[in-house]
Amino acid sequence: MRILLLVGLGVAMMVMLGGCSGADGKAVYPPSPPETKMYDTDNLNDESAWTTTNAHDPSIIKTDDGTYYVVSTDVKVGGEPKPGLMVRKSKDLIRWEWVGHAFDGVPDAAKAWTGGPTLWAPDVHKFGEQYKLYYASSTFGSNTSYIGLATSASMEGPWRDEGEVIKTGAGDGPNAIDPQIAIDAAGDPWFVYGSFFDGIHIAPLDLATGKLREPGFGRRIAARNPQTASGAVEGPYIVYKPAFKKYYLFVSYDSLSSDYNVRVGRADAIDGPYVDFNGRELTDTAYDPSFDVGTKILGGYKFGESEGWTAPGHNSVLQDGDDDYIVHHARPEGDPSWMYLHVRKLLWTKDGWPVVSPERYAGERVQRIPAVDIPGDWERLVQPRWIDGQAESEPLRLLKGGKIDAADGKDSWSFDGEHTLTLTWSGEDGADTVETVLLLPSWDWELNRPTLVFTGLDGTGQAVWGKKLNDPAR
């Protein structure tokens, strides 16, 4: 018998999760989003058609006029990319429009130091009336790397190169790529960076110049043991969550082309120490196996017979009023040489851990769920911390009478009348195991119809997802 345990979901403030269903008492499901053409070989060289295609290491920002911009690494399926950092925009986080490139090539000082032909993993932040764009230059497998700064009055440029923020070379500990600007609870900026080598570092930033406030590499806040995991930790992104008075450090583990996955740790101070669900510090390089460090919230997955996704990672986080989103790239199972932009709702357990929607964002919101939407056939998927590649779903049936799988069985489910579902599993020793998960009306991108999903963490901190197969909107 399956024995499962999910932590309860919710948030500290009802305004974060609140929301009524429609006027007729039915849940409001997202309408059909625009079709995303996969493997669009007809437009391999037409950048204007690259809406969500060729997006890698996306960093997101919302401007004062309500426009969302994503800046990302120079990549191209089937050819050499044009260097200069890609820029896209959207009004709804669903329909994306190509803007262009921030630069015409690699800035001279960066190219002279690294010899890198393209730019990687940017991050952008607005200070006052000025946007500050941080970019990285390097070559694969080397820590002869350079992070520079450019400024502009507009997200669509023109951008003025302001030169070096930090650089590293052979013999240095860190690797100067993957920059991110994090803001602490007092409003002060911090510079976060790093990939492989000596892990992730943080240092205070000078608000006036946009550069480091003091010389040096800063403090290490995450790392992996290169003897057991090839040192694969990168793509740092820190946000502060006032409801929990915690800082959250998101990082990506493993190979960006095969088993990339997103992990998170949290801390009371922006410069750490960051610990995972099980209390292990993200700097614990002595622990073997190191894949067990960091709470894994997103990895490769496959629901049923539909084509799945591999290597999701290098995320940014958008805090948009009361809503949070995780923005990342992922590779389709059919041909992982392609890369696509994904945006997903980010929800929070009541004990303060982020969990990710199983489906890409299509306009959904957390709301009251009618009980009649719940019974039916589901797929349940666990994201094991140790898996190398995709996790696959397994069937789950919730019967109308409140039983699971069989009408005469001992396993049962109940509902609080809002958006919390409780699954009770009867243990062989007579002890029940209870799951409590948060429901979210969503769009099923695999089956092209509305669906109801759930997301949470099990008792060991593993991510657990569910997706209803019956169309609840009919």
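When a residue number appears, it is its place in the shown sequence, counting from 1. Hydrogens, waters and symmetry mates play no part in the numbers below; they use all other heavy atoms, side chains included.
Checked options R380, E379, Q383; the residue passing with W465 is Q383 (criterion: side chain to side chain contact (heavy atoms under 4.5 Å, CB included)). Between I270 and the options D188, D184, I221, a side chain to side chain contact (heavy atoms under 4.5 Å, CB included) holds for only D184. Under the salt bridge (Lys or Arg N to Asp or Glu O under 4.0 Å) test applied with R224, the options D284, D254, D288 reduce to a single match, D254.
When only modelled atom types and interatomic distance are considered, S145 and N143 share no side-chain donor-acceptor pair under 3.5 Å. With hydrogens and angles left out, the side-chain atoms of D276 and T295 include no donor and acceptor closer than 3.5 Å. No donor-acceptor contact under 3.5 angstrom links the side chains of R449 and S32, judged on distance only. When only modelled atom types and interatomic distance are considered, D198 and N175 share no side-chain donor-acceptor pair under 3.5 Å. Looking at E234 and Y260, their side chains do bring a donor and an acceptor atom within 3.5 Å of each other. Between S442 and E359, the side chains place no donor N or O within less than 3.5 Å of an acceptor N or O (distance only, hydrogens not considered).
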- request: Take W443 and T451, measure what side-chain contact (heavy atoms from CB on, under 4.5 Å) needs, and give me the verdict at the end.
  value: CA-CA 5 Å; W443 184 261; T451 190; over 6 Å; no

task: Please step through side-chain contact (heavy atoms from CB on, under 4.5 Å) for the pair T420 and L439, ending with a clear verdict.
output: CA-CA 6 Å; T420 302; L439 298 163; over 6 Å; no

task: Might you work through the side-chain hydrogen bond (donor to acceptor under 3.5 Å, both in side chains) test for D411 and S426, ending with a clear yes or no?
output: CA-CA 5 Å; D411 304 327; S426 176; 4.9 Å; no

message: Assess the residue pair E333 and K302 against the criterion (salt bridge (Lys or Arg N to Asp or Glu O under 4.0 Å)); give the C-alpha distance rounded to whole Å, side-chain angles, the decisive distance to 0.1 Å, and a yes or no.
response: CA-CA 9 Å; E333 178 185 11; K302 179 182 178 68; 3.2 Å; yes

field: Intermediate values then yes/no, ring-ring contact (aromatic ring centres under 6.0 Å, His included), W120 and H56
entry: CA-CA 9 Å; W120 296 351; H56 207 270; 9.6 Å; no

query: Hey, mind stepping through D178 and Y237 against side-chain hydrogen bond (donor to acceptor under 3.5 Å, both in side chains) and telling me if it holds?
result: CA-CA 9 Å; D178 295 1; Y237 205 93; over 6 Å; no

task: Evaluate the criterion side-chain contact (heavy atoms from CB on, under 4.5 Å) for residue pair I238 and L249; output intermediate values, then yes/no.
output: CA-CA 4 Å; I238 294 176; L249 169 61; 3.6 Å; yes

side-chain contact (heavy atoms from CB on, under 4.5 Å) assessment of L282 paired with V275: CA-CA 6 Å; L282 268 62; V275 299; 5.7 Å; no

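In this structure Y248 satisfies the ring pair (Phe, Tyr, Trp, His ring centres under 6.0 Å) test together with W348, sequence neighbours excluded. Partners of D444 under the salt bridge (Lys or Arg N to Asp or Glu O under 4.0 Å) rule, at least two apart in sequence or in another chain, are K467. Considering only residues two or more places apart in sequence or on other chains, D268 meets the side chain to side chain contact (heavy atoms under 4.5 Å, CB included) condition with K246. Remark: D320 engages K62 in a salt bridge (Lys or Arg N to Asp or Glu O under 4.0 Å) (not counting sequence neighbours). Applying the salt bridge (Lys or Arg N to Asp or Glu O under 4.0 Å) rule to R385 yields the partners D292; only residues at least two apart in sequence or on another chain are considered.
Looking at heavy atoms from C-beta onward, V75 lies in side-chain contact with M339 at the 4.5 angstrom threshold. Put simply, the side chain of L447 reaches to within 4.5 Å of the side chain of L469, judged on heavy atoms. Residues T455 and V437 fail the side-chain proximity criterion, which asks for heavy atoms closer than 4.5 Å. Using a 4.5 Å heavy-atom cutoff, the side chains of K296 and F291 are not in contact. A 4.5 Å side-chain heavy-atom check between P441 and I369 finds at least one atom pair inside the cut-off. Counting only heavy atoms from C-beta outward, the side chains of Q180 and F191 never approach each other to under 4.5 Å. With a 4.5 Å cut-off on side-chain heavy atoms, I147 and Y193 count as touching.
For NZ of K91, the number of neighbouring non-hydrogen atoms (other residues, nucleotides, ligands) closer than 6.0 Å is greater than 12. At most 12 non-hydrogen atoms from other residues, nucleotides or ligands lie less than 6.0 angstrom from NZ of K400.
Relative to the six-membered ring of W96, R88 misses at least one condition, a distance below 6.0 Å or an angle of at most 45° to the axis. No cation-pi contact links R263 to F250, judged by a cut-off of 6.0 Å to the six-membered ring centre and 45° from its axis. In this structure, K89 fails the cation-pi test against Y68, since its NZ or CZ atom is not both closer than 6.0 Å to the six-membered ring centre and inside 45 degrees of the ring normal. Geometrically, R266 does not engage Y274 in a cation-pi contact defined by less than 6.0 Å to the ring centre and at most 45° from the axis.
Taking the charged nitrogens against the carboxylate oxygens, K241 and D324 do have a contact shorter than 4.0 Å, which makes a salt bridge.
Closest non-hydrogen pair, V355 versus T349, comes out as CG1-CG2, 4.0 Å. Between Y247 and I183, the shortest heavy-atom distance links the atoms CE2-O, 4.3 Å. When all heavy atoms are compared, the tightest approach of S357 to L440 is OG-CD2, 4.1 Å. The heavy-atom pair separating G272 from A267 by the smallest distance is CA-CB, 3.9 Å. When every heavy atom of P336 is checked against every heavy atom of R331, the shortest pair comes out as O-NH1, 2.8 Å. For H329 against D57, the heavy-atom pair with the smallest separation is ND1-N, 3.0 Å.
Ring geometry for Y39 against W338 counts as perpendicular: the plane angle is over 60°, on a 0 to 90° scale with 30° as the lower cut.
Applying the ring-ring contact (aromatic ring centres under 6.0 Å, His included) test to residues at least two apart or on different chains, the pairs with a partner in residues 376-406 are W378-F454.
Remark: H328 NE2 to N261 CG distance equals 12.0 Å, nearest 0.5 Å. Taken from CD in E446 to OG in S393, the straight-line distance is 9.5 Å, to the nearest 0.5 Å. Distance CG/D405 to CH2/W413: 13.0 Å, rounded to 0.5 Å.
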